[in-house]
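Both backbone and side-chain heavy atoms feed into the values below; hydrogens, waters and symmetry mates do not.
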Amino acid sequence: MSSVTLKGIFKRYAGGVTAVSDFTLDIEDKEFIILVGPSGCGKSTTLRMIAGLEEITEGELYIDNKLVNDIAPKDRDIAMVFQNYALYPHMTVFNNMAFGLKLRKLPKPEIKQRVEEAARILDITHLLDRKPAALSGGQRQRVALGRAIVRNPKVFLLDEPLSNLDAKLRAQMRTELTKLHQRLATTFIYVTHDQIEAMTMGTRIVVMRDGFIQQVAAPQDLYEHPQNLFVATFIGSPQMNIVPATVIEVGGHTGLKFGETTVIMDDAKGRRPELMEYMGKEVLMGIRPESLFDDSINLDRFKNTTMDAHVEVIEMMGNETYLYLLIEGKNFIARVSAESTARNGDDIKICLDPNKIHIFDPATERAILN
């Protein structure tokens with residue numbers, strides 16, 4: 001078992017700065033948990049408290065149901081992989097991976113066996129005699145992972161391990177890390193500010209902001225049911241379109257009016273009690289770029305949500321196109337088919353899927369409807 005439990009964890013620094021506030025989370029054995037959020041949100045500080053590299057100001061930390069607040073990092077049976085790899089430049093790959101095992105005075109045959117097995121898993125057996133200076137960034141990252149693997153820890157802690165790699169290598173390493181997690185069948189706690197990494201790798205994602213947990217959920221649930229405006233706009237690329245709108249009655253249906261445009265919602269969603277309480281009031285309407293359409297089939301299908309739009313910029317991405325639009329003076333992004341005929345400067349019709357509308361309270365920013 002390698003469960004991790006954080007109960008009411010706080011981290012306060014001298015001068016009254018609170019980096020992490022009331023962090024409470026149960027991480028199950030063999031989970032791949034991602035801590036994600038903007039720079040300065042407290043995610044790396046949380047990871048360092050789990051590792052024992054930062055002292056916990058308040059709260060309790062358990063690993064395998066054992067309180068570890070006052071246990072030294074070396075005795076917590078965890079392994080940490082850093083952003084900068086932290087390899088010894090004068091040592092070979094073999095010795096970098098074996099160093100921690102030598103400090104623990106393991107027998108040489110066992111050290112050799114562990115290093116060679118980790119090298120095989122990571123496909124770096126042919127690099128064991130090289131020094132870090134002779135390695136690429138991706139190879140150095142594998143060596144750093146190998147140094148963690150040889151310890152057979154209960155928990156892997158990874159602090160933005162892919163941020164120094166180029167885009168192509170990052171995508172490749174995301175897949176490799178997911179495979180590694182499945183192969184090792186142990187608990188991974190991974191910190192990143194990259195929401196694509198979070199969405200593609202984690203079994204659950206913890207979204208943080210200003211030291212507080214905003215939401216904990218599986219990737220798809222987080223994407224489809226954000227609990228507040230911050231989560232809705234942070235998760236997803238391009239981010240969700242948000243526009244102020246007034247909830248109105250339109251012939252027995254619920255409409256969302258912004259400027260001269262009114263979007264009529266389907267009754268299954270638009271007549272729900274939690275939205276009816278806002279009748280006549282302003283809300284924030286959210287719609288993801290992939291739920292906006294400019295093709296004739298969807299324009300006919302969603303005729304109750306058709307709007308006039310002006311195309312400001314087009315980005316052709318190969319398999320899809322991003323339209324940067326102006327609708328009622330508000331900026332929108334639509335992710336449409338690569339076959340779209342829209343061009344810069346065009347005035348076009350655009351529609352949205354009413355079942356994909358998200359509604360937020362403008363004062364509290366909490367989700368009213370997803």
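N228 and Q215 are not linked by any side-chain donor-acceptor pair at a separation below 3.5 angstrom, with hydrogens and angles left out of the test. Between the side chains of D361 and Y278, at least one donor-acceptor pair of N or O atoms lies under 3.5 Å. T187 and E31 form no side-chain donor-acceptor contact under 3.5 Å, judged by distance and modelled atom types alone. No hydrogens or angles considered: a donor-acceptor pair under 3.5 Å links the side chains of K102 and N95.
By the rule that hydrophobic residues join a cluster once side-chain heavy atoms approach within less than 4.5 Å of another member, M279 and M285 end up as members of one cluster. Placement of I264 and M307 in two distinct hydrophobic clusters is found when ILVMFWY residues are connected by side-chain heavy-atom separations under 4.5 Å, directly or transitively. M80 and L35 end up in the same hydrophobic cluster when Ile, Leu, Val, Met, Phe, Trp and Tyr side chains are linked at under 4.5 Å. L352 and F332 fall within the same hydrophobic cluster, where Ile, Leu, Val, Met, Phe, Trp and Tyr residues are linked whenever their side-chain heavy atoms come under 4.5 Å apart, directly or through other members.
N370 pairs in a side-chain hydrogen bond (donor to acceptor under 3.5 Å, both in side chains) with only one of the listed residues (H358, K269, H225), which is H358.
Looking at D346, its side chain never comes within 3.5 Å of a backbone N or O of V311 through a donor-acceptor pair. Of the possible polar contacts, one joining the T233 side chain to the L229 backbone as a donor-acceptor pair under 3.5 Å is found. Although no hydrogens or angles enter the test, the distance criterion places no donor-acceptor pair under 3.5 Å between the side chain of S237 and the main chain of Q239. Judged by distance alone, with hydrogens and angles left aside, the side-chain atoms of D64 form a donor-acceptor pair with the main-chain N or O of S3 at under 3.5 Å. Between the side chain of S136 and the backbone N or O of Q139, at least one donor-acceptor pair lies under 3.5 Å. With hydrogens and angles disregarded, no donor-acceptor distance shorter than 3.5 Å links the side chain of R12 to the backbone of E58. Between the side chain of T192 and the backbone N or O of V36 there is no donor-acceptor pair closer than 3.5 Å. Of the possible donor and acceptor atoms, one in the side chain of K11 sits under 3.5 Å from a partner among the backbone N and O of E55. In terms of modelled atom types and a separation under 3.5 Å, the side chain of H181 and the main chain of K30 share a donor-acceptor contact. With T46 contributing its side chain and G42 its backbone, the two residues share a donor-acceptor pair below 3.5 Å.
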Criterion side chain to side chain contact (heavy atoms under 4.5 Å, CB included) on R147 and L87, from CA distance to verdict: CA-CA 9 Å; R147 187 174 52 190; L87 301 178; 3.8 Å; yes
Residue pair I205, V216: steps toward the side chain to side chain contact (heavy atoms under 4.5 Å, CB included) verdict: CA-CA 6 Å; I205 300 173; V216 183; over 6 Å; no
Test log, rule side chain to side chain contact (heavy atoms under 4.5 Å, CB included), inputs I27 and L6: CA-CA 8 Å; I27 301 171; L6 301 96; 4.2 Å; yes
Pair R183-I121, side chain to side chain contact (heavy atoms under 4.5 Å, CB included): steps then yes or no: CA-CA 9 Å; R183 190 177 298 135; I121 289 171; 3.0 Å; yes
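Surrounding CG of L103 are more than 12 heavy atoms belonging to other residues, nucleotides or ligands, all under 6.0 Å away. In this structure, E274 places its CD atom where more than 12 heavy-atom neighbours from other residues, nucleotides or ligands lie under 6.0 Å away. Other residues, nucleotides and ligands contribute only 12 or fewer heavy atoms inside 6.0 Å of the CG atom of N65. Other residues, nucleotides and ligands contribute more than 12 heavy atoms inside 6.0 Å of the NZ atom of K257.
Relative ring orientation between Y322 and Y324 is described as perpendicular, the plane-to-plane angle rising above 60° on a 0-90° scale split at 30° and 60°. In this structure, F188 and F156 have tilted ring planes: the angle between them lies in the 30° to 60° band.
In terms of heavy atoms, T24 sits closest to I213 at O-CD1, 3.6 Å.
Within the structure, salt bridge (charged side-chain N to carboxylate O under 4.0 Å, His left out) contacts touching residues 119-146 (residues at least two apart or in different chains) are E117-R120.
A salt bridge does not link R174 to E197: none of the charged nitrogens lies less than 4.0 Å from a carboxylate oxygen. A salt bridge does not link E224 to K356: none of the charged nitrogens lies less than 4.0 Å from a carboxylate oxygen. Comment: K349 engages D308 in a salt bridge, judged by a side-chain N to carboxylate O separation of less than 4.0 angstrom. For the pair R272 and E277, the salt-bridge criterion is not met [side-chain N within less than 4.0 Å of a carboxylate O].
Within the cation-pi definition used here (under 6.0 Å to the ring centroid, within 45° of the axis), R209 does not qualify as a partner of F212. Both the sub-6.0 Å distance and the 45° axial angle are not jointly satisfied by R335 relative to the ring of F293.
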